[in-house]
Amino acid sequence: MSGGVDSSLTAALLVEQGHDVTGVYMKNWTKDLPGMKCPWADDLADAKRVAVQLGIDFKVFDFENEYKHKVVDYMIDEYKAGRTPNPDIMCNQEVKFKLFLEAALEDGADMIATGHYARVKDGVLKMAVDTNKDQTYFLYRVTGAALAKTMFPLGEYTKPQVRKMAEERGLFTAAKKDSQGICFVGKVGIRDFLNQYVEQVPGRIIDKQSGNVLGHHDGAIFYTLGQRHGLDVGGGLPYYVVGKNMDKNEVYVTTDLNDKTLWQTNVQLDAVHWINDAPVVGKYHIRVRHRAPLIAADLAYDNDRVILTLHDEQRAVTSGQSMVIYDDMVCIGGGIVI
RNA sequence: UGGGGCGUCGCCAAGUGGUAAGGCAUCGGCUUUUGGUGCCGACAUUCGGGGGUUCGAAUCCCUCCGCCCCAG
């Protein structure tokens, strides 16, 4: 239980279904950041409050060290390498559906449940009924074995329904605003977050078309493909990042919205993960980022890599980001963009 | 110091007598359990400085400062 509405209602529904429920708060991050207080203490209090409301046992699992190593360090290393990682996917893979699952089973649980908007049946991950809120994108790196021990009670409902049901039950967190930003860390800008761990090194912002130096930045690490803001380069049309060179610490930009590096149809995936069996070569659907529409794509293999040919070009397909693959409503896995 | 041009928000840029468009950037908010994108809102009492003409000037005149171009 994170202290939000979703996990609160999840617990409530399980209780109503007659399960023997124990609420668990995962303590993964407690550090305040400049201009932003880490919400962990309030979240924990809210979670506990709901557990008391429901009359269930409540525990705190502490994964702070592991979260730092498996999620935060991974994230920082990726950024240092010039890529753009997705920490929340790593959090699900390494913490929620591994460490937490193991700890829960060891603690005597038969199953774990979370407030994710997704459905699972016999270890198969399906999109949520509420396709607008579907969170399978963040779950593609979970194993089928883990999912076999997992319940997602909210997968059958829409977010508005969840809010309503939470309110009907008088849950303390019924009206609490949805959390955003990096899972557990809070609503911090990635830039402010990275600033805590990497040194700012001034570099040049270069116009890809003319080669002119348009300005300077405090580190190429802070920029990602397709990014518009934060360049502090004005005059005429908006500039978008179309590349960077980590060795030279240079960021390349353009005003050309049709720049070919901004629109991809051929994508290679590394670190491929399948929830169950690897799919056969053929046509599937993919999404390049959370909440992006599903796009038809042809899947092929190249040794350990997966080659995807998208039927529609996608904007800012970025190295380090995840491309998740679907077979109809089933999320079968995915990989990381090279 | 002959000729011509220019100087309007951090940047680009309208406006040539009637009381400062717009875009970019920036900031704030919304959307979003990553990054990013997108959307909405805010943002020059003031037009290089000083003087003058006028009911009224960024717009006309004088002057000073700065920059650019062509000549020498």
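Throughout, a chain's letter reflects where its sequence line sits, starting with A, and its residues are numbered from 1.
When distances are taken from the side chain of A/Arg315 to each of B/U37, B/G35, B/U33, the shortest belongs to B/U37. The A/Lys177 side chain lies nearest to B/U31 when the options are B/U37, B/U31, B/U33. Checked against B/A25, B/G35, B/G38, the side chain of A/Tyr240 finds its nearest nucleotide in B/G38. Taking every side-chain heavy atom of A/Gln321 into account, B/G35 is the closest of B/U31, B/G35, B/G38. For A/Arg289, the listed nucleotide lying nearest its side chain is B/G36; candidates were B/C30, B/U33, B/G36. You'll find that the side chain of A/Tyr79 is closest to B/G35, out of B/U33, B/G35, B/A25.
Map A/Leu237 and A/Asn92 each onto its nearest nucleotide of RNA chain B; the residue landing nearer the 5' end is A/Leu237. Between A/Gly236 and A/Ile190, the residue whose closest nucleotide on RNA chain B is further toward the 5' end is A/Gly236.
Rounded to an integer number of Å, the gap from A/Arg191 CZ to B/C27 P is 10 Å. For the pair A/His229 NE2 and B/G36 P, the computed distance is 10 Å after rounding to whole Å. Straight-line distance from the OH atom of A/Tyr137 to the C1' atom of B/U34: 8 Å, rounded to whole Å. If you measure from atom CG of A/Asp207 to atom P of B/C12, you get 15 Å, rounded to the nearest angstrom. In this entry the distance linking CD of A/Gln227 with P of B/A25 reads 12 Å, nearest Å. With rounding to whole Å, A/Asp88 atom CG is found 6 Å from B/U34 atom P. If you measure from atom CG of A/Asp134 to atom P of B/U33, you get 10 Å, rounded to the nearest angstrom. B/A25 atom C1' lies 17 Å from atom NE2 of A/His217, rounded to whole Å.
No contact: A/Ile89 has no heavy atom under 4.0 Å from any strand. Among the heavy atoms of the strands, none lies under 4.0 Å from A/Gly215. Counting any heavy atom pair closer than 4.0 Å across all strands shown, A/Thr318 reaches a base atom.
Using atom C1' as the reference point in both B/A14 and B/C70, the two lie 28 Å apart (nearest Å). A distance of about 14 Å separates the C1' atoms of B/C61 and B/U16, rounded to the whole Å. Nucleotides B/C43 and B/A21, compared at atom P, are 11 Å apart to the nearest Å. A gap of 9 Å separates the C1' atoms of B/A58 and B/U46, to the nearest Å. Nucleotides B/U19 and B/G10 are separated by 24 Å at their P atoms, to the nearest Å. Comparing the P positions of B/C47 and B/A42 gives a spacing of 24 Å, expressed to the nearest Å. Distance check on atom C1': B/G56 versus B/C30 gives 44 Å, rounded to whole Å. One P atom belongs to B/G36, the other to B/U26, and the distance between them is 12 Å to the nearest Å.
Applying the 4.0 Å criterion to OP1 and OP2 of B/U33, one finds that A/His116 has every side-chain N and O outside that range. Between A/Lys96 and the phosphate of B/U33, there is no side-chain N or O to OP1/OP2 separation shorter than 4.0 Å. Proximity of A/Arg291 to the phosphate of B/U33: no side-chain N or O atom is located under 4.0 Å from OP1 or OP2.
Within a 6.0 Å radius of NZ in A/Lys208, more than 12 heavy atoms belonging to other residues, nucleotides or ligands are found.
For the pair A/Asn212 (side chain) and A/Leu214 (backbone), a donor-acceptor distance under 3.5 Å is absent.
Checked for salt-bridge contact, A/Asp134 and A/Arg287 meet the test: a charged N lies under 4.0 Å from a carboxylate O. Using a 4.0 Å cut-off between charged nitrogen and carboxylate oxygen, A/Glu168 and A/Lys164 count as a salt-bridge pair. The pair A/Lys133-A/Asp178 counts as a salt bridge, with a side-chain nitrogen and a carboxylate oxygen less than 4.0 angstrom apart.
Between A/His273 and A/Thr143, the closest side-chain pair of non-hydrogen atoms falls below 4.5 Å.
Residues in residues 310-338 of chain A take part in no salt bridge (charged side-chain N to carboxylate O under 4.0 Å, His left out) pair, two or more places apart or across chains.
Separation of the A/Trp29 and A/Phe193 ring centroids falls under the 6.0 Å cut-off. Two rings, from A/His217 and A/Tyr223, have their centers less than 6.0 Å apart.
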| request: Can you run through RNA chain B from 5' to 3' and write each base as (, ), [, ], | or . depending on how it pairs? Watson-Crick or G-U wobble, both distances under 3.5 Å. | output: .(((((((.[[[..)..(...]]].(((((.......))))).....[[[[[..)....]]]]]))))))..
